[in-house]
Amino acid sequence: MTVLDAVMSRRRTMLVSATIRLGYAWTIRREESRAWREVMSMTGVVNSILGADREALSPAELVDQLSRKPLRHIAPDVFKDDPLGRVTILDRGEISDDVYSDGCSAIVSVLERGDRGRGWMPTWTWMQHEIIENEAFLGLKAGASDADYVTRRRFTTEHPAGEREAIADACSDAGILPPVRYVPLPPDRAYEGRYWWPCPVCQWPMRVNGASVRCSYWAHNAEYAIRSLKDGQPPKLRPRDDTVRRQPAAKTVHREGGRQTVCVEFAEWRFIVVPGIEELKLYKRWDGKPPLIVELWPRQDLYDVRFAIKELGWELAVDLKDVASASGLADEIAKKPLAAKTIVLPDHRGTAQRAELQDLLPDYTVLMVEDVNRIVKKKLAEARRAQ
């Protein structure tokens, strides 16, 4: 990765970070008096990134553009073809799902000194995502053996929401205490305060916006329209189109008691549950197929998945990465190298990102999930023929 690449990557992530902070502050400006100061401050940061040769935007002008256009239209020279340029910050006056899916993974510090927003805004709006990830993982690693860590992390991935007592019972069955904090269902995840729907992929509560329901992670492709039924009957969902998974049934929201509806917090969902789904899926695909050995999160996440066949003297340790920007990821890895020399991208990120990342990180091998499956299948067949 060249110095110029690193500089451009920094400009992009700075602009993403500043606009997300501004957007979040705008959404709570009526409840939080400090929000206006944040809007003004981040407008200044955005204008400085855009450069002196551009006419400065006012806060109102910037909010209007963030509500109507993706970032690449605001700063085409900064984003060019980078996927972060497709992020729209605001959607109908609220933080968009683009931010929850991809924008939050590009957060960097924009004010080294005198950052007044850190005292009251959620950490995911201003704290670098690696730090948030580390904090999210603290509860999983505290006093844990390698086996304990896998149990705790898998539990969090497979139980991101539900009723408080049911989750406690599941923890007891697994022989663990709740590995992360479960909080009451956020208001934007409930329909008329009475019903909620888990995403068919990640099981985290989907976002309700008027008569539409969708998972905040775009790659899960879960978007529905609400069908109102007769009084007393739970509403049903209608998929957006034929590509969307079958709709889940409505669940009743319980606000108190043992049946209280709870879910993991945003940071745990985005940085533990979402990537954990892909990692667990890859593990399950090959676990229990001797003579192949498959390890999930070995040595407390030194790798994500490790494959080995002793008879062939072969092993493959991989680290799955699911982010929008290849250049941003390459910048992170350059600063903090990975133990695994093979990086794996979910298939939904596409081969273009793989090619870009491979160019930026020539010391690593970059594969798609389908590539890994093909390699493992070939090696397993080779080992079985040799038996």
Side-chain angles (χ1 to χ4, degrees), residues 15-36 38-40 42-43 46 57-75 79 83-107 117 121-122 124-126 185-199 202 204-228 235-241 243-244 247-248 250 253 263 265-266 269-270 274 324:
L15 191 52
V16 171
S17 302
T19 53
I20 287 176
R21 289 180 59 152
L22 187 154
Y24 177 81
W26 181 258
T27 65
I28 61 167
R29 65 192 184 283
R30 293 185 178 90
E31 300 87 38
E32 174 54 66
S33 60
R34 292 170 290 188
W36 285 106
E38 182 70 13
V39 169
M40 296 295 293
M42 291 302 109
T43 299
V46 170
L57 296 167
S58 70
E61 291 171 332
L62 186 51
V63 167
D64 180 61
Q65 292 200 31
L66 295 178
S67 302
R68 294 186 298 108
K69 301 176 180 178
L71 290 174
R72 66 169 177 263
H73 289 285
I74 299 172
F79 290 99
L84 284 174
R86 296 197 290 263
V87 170
T88 299
I89 301 299
L90 293 168
D91 180 14
R92 289 176 281 191
E94 300 293 334
I95 288 291
S96 76
D97 286 328
D98 288 351
V99 170
Y100 294 133
S101 287
D102 290 329
C104 65
S105 64
I107 297 293
M121 291 199 302
W124 65 264
T125 63
W126 57 264
L185 187 75
D188 68 338
R189 308 283 153 171
Y191 177 62
E192 297 181 343
R194 299 173 59 196
Y195 301 102
W196 69 282
W197 290 271
C199 167
C202 67
W204 204 57
M206 291 194 287
R207 193 178 192 184
V208 179
N209 197 326
S212 68
V213 178
R214 63 178 180 264
C215 178
S216 290
Y217 196 68
W218 67 269
H220 293 169
N221 192 30
E223 185 172 354
Y224 309 88
I226 298 174
R227 297 167 50 203
S228 297
K236 291 188 176 182
L237 300 181
R238 182 177 64 250
R240 178 198 60 217
D241 55 41
T243 70
V244 175
Q247 63 271 28
V253 175
C263 61
E265 296 180 274
F266 170 78
W269 168 72
R270 181 59 186 84
V274 170

Give the C-alpha distance, both sets of side-chain angles, the deciding distance and a yes or no for side chain to side chain contact (heavy atoms under 4.5 Å, CB included) between Tyr191 and Ile226. CA-CA 9 Å; Tyr191 177 62; Ile226 298 174; 3.4 Å; yes
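Smallest separation of non-hydrogen atoms from Trp26 and Leu90: CD1-CD1, 4.1 Å. In terms of heavy atoms, Ile107 sits closest to Thr125 at CD1-O, 3.9 Å. When every heavy atom of Val46 is checked against every heavy atom of Ala18, the shortest pair comes out as CG2-CB, 3.9 Å. Across Val87 and Gly103, no two heavy atoms sit closer than the pair CG2-N, 4.5 Å. The two atoms that bring Ala106 and Leu84 nearest to each other are CB-CD1, 3.9 Å, heavy atoms only. The two residues Thr19 and Leu71 come nearest to each other via the heavy atoms OG1-CD2, 3.9 Å.
Contact of the Phe79 side chain with the Val16 side chain is registered, since non-hydrogen atoms from C-beta on lie closer than 4.5 Å. The closest side-chain heavy-atom distance from Gln247 to Arg238 is not below 4.5 Å. Trp196 places none of its side-chain heavy atoms less than 4.5 Å from the side chain of Cys263. You'll find the side chain of Leu237 reaches within 4.5 Å of the side chain of Pro248, heavy atoms only. In this structure, Val99 and Ile89 have side chains that are in contact, with non-hydrogen atoms separated by less than 4.5 Å. Between Met206 and Tyr224, some side-chain heavy-atom pair lies under the 4.5 Å cut-off. For the pair Asp188 and Val208, the minimum side-chain heavy-atom distance is 4.5 Å or more. Proximity of Trp218 to Asp98: side-chain heavy atoms (C-beta onward) are nowhere separated by under 4.5 Å.
For the atom pair CD1 (Ile20) and CE (Met42), the distance works out to 12.0 Å, reported to the nearest 0.5 Å. Here the CH2 atom belonging to Trp126 is positioned 13.0 Å from the OH atom belonging to Tyr24, to the nearest 0.5 angstrom. Rounded to the nearest 0.5 Å, atoms CZ (Arg207) and CD (Glu94) are 6.0 Å apart. Remark: Ile95 CD1 to Ser216 OG distance equals 11.5 Å, nearest 0.5 Å.
Ring-plane geometry between Trp269 and Tyr217 is classed as perpendicular, the angle between the planes exceeding 60 degrees on a 0 to 90 degree scale with a lower cut at 30.
Ring-centre distance between Trp204 and Trp197: not below the 6.0 Å cut-off.
With sequence neighbours left out, the salt bridge (charged side-chain N to carboxylate O under 4.0 Å, His left out) criterion links Arg189 to no other residue. Applying the salt bridge (charged side-chain N to carboxylate O under 4.0 Å, His left out) rule to Arg21 yields the partners Glu38, Asp115; only residues at least two apart in sequence or on another chain are considered. With sequence neighbours excluded, the residues satisfying salt bridge (charged side-chain N to carboxylate O under 4.0 Å, His left out) with Arg68 are Asp64.
Residue Arg29 qualifies as enclosed at atom CZ: its count of foreign heavy atoms under 6.0 Å is above 12. Counting non-hydrogen atoms of other residues, nucleotides and ligands closer than 6.0 Å to CZ of Arg92 gives a total above 12.
Arg270 places a side-chain N or O within donor-acceptor distance of the main-chain N or O of Ser101, the cut-off being under 3.5 Å. Remark: the backbone N or O of Asp97 is not paired with any side-chain donor or acceptor of Asp91 at under 3.5 angstrom.
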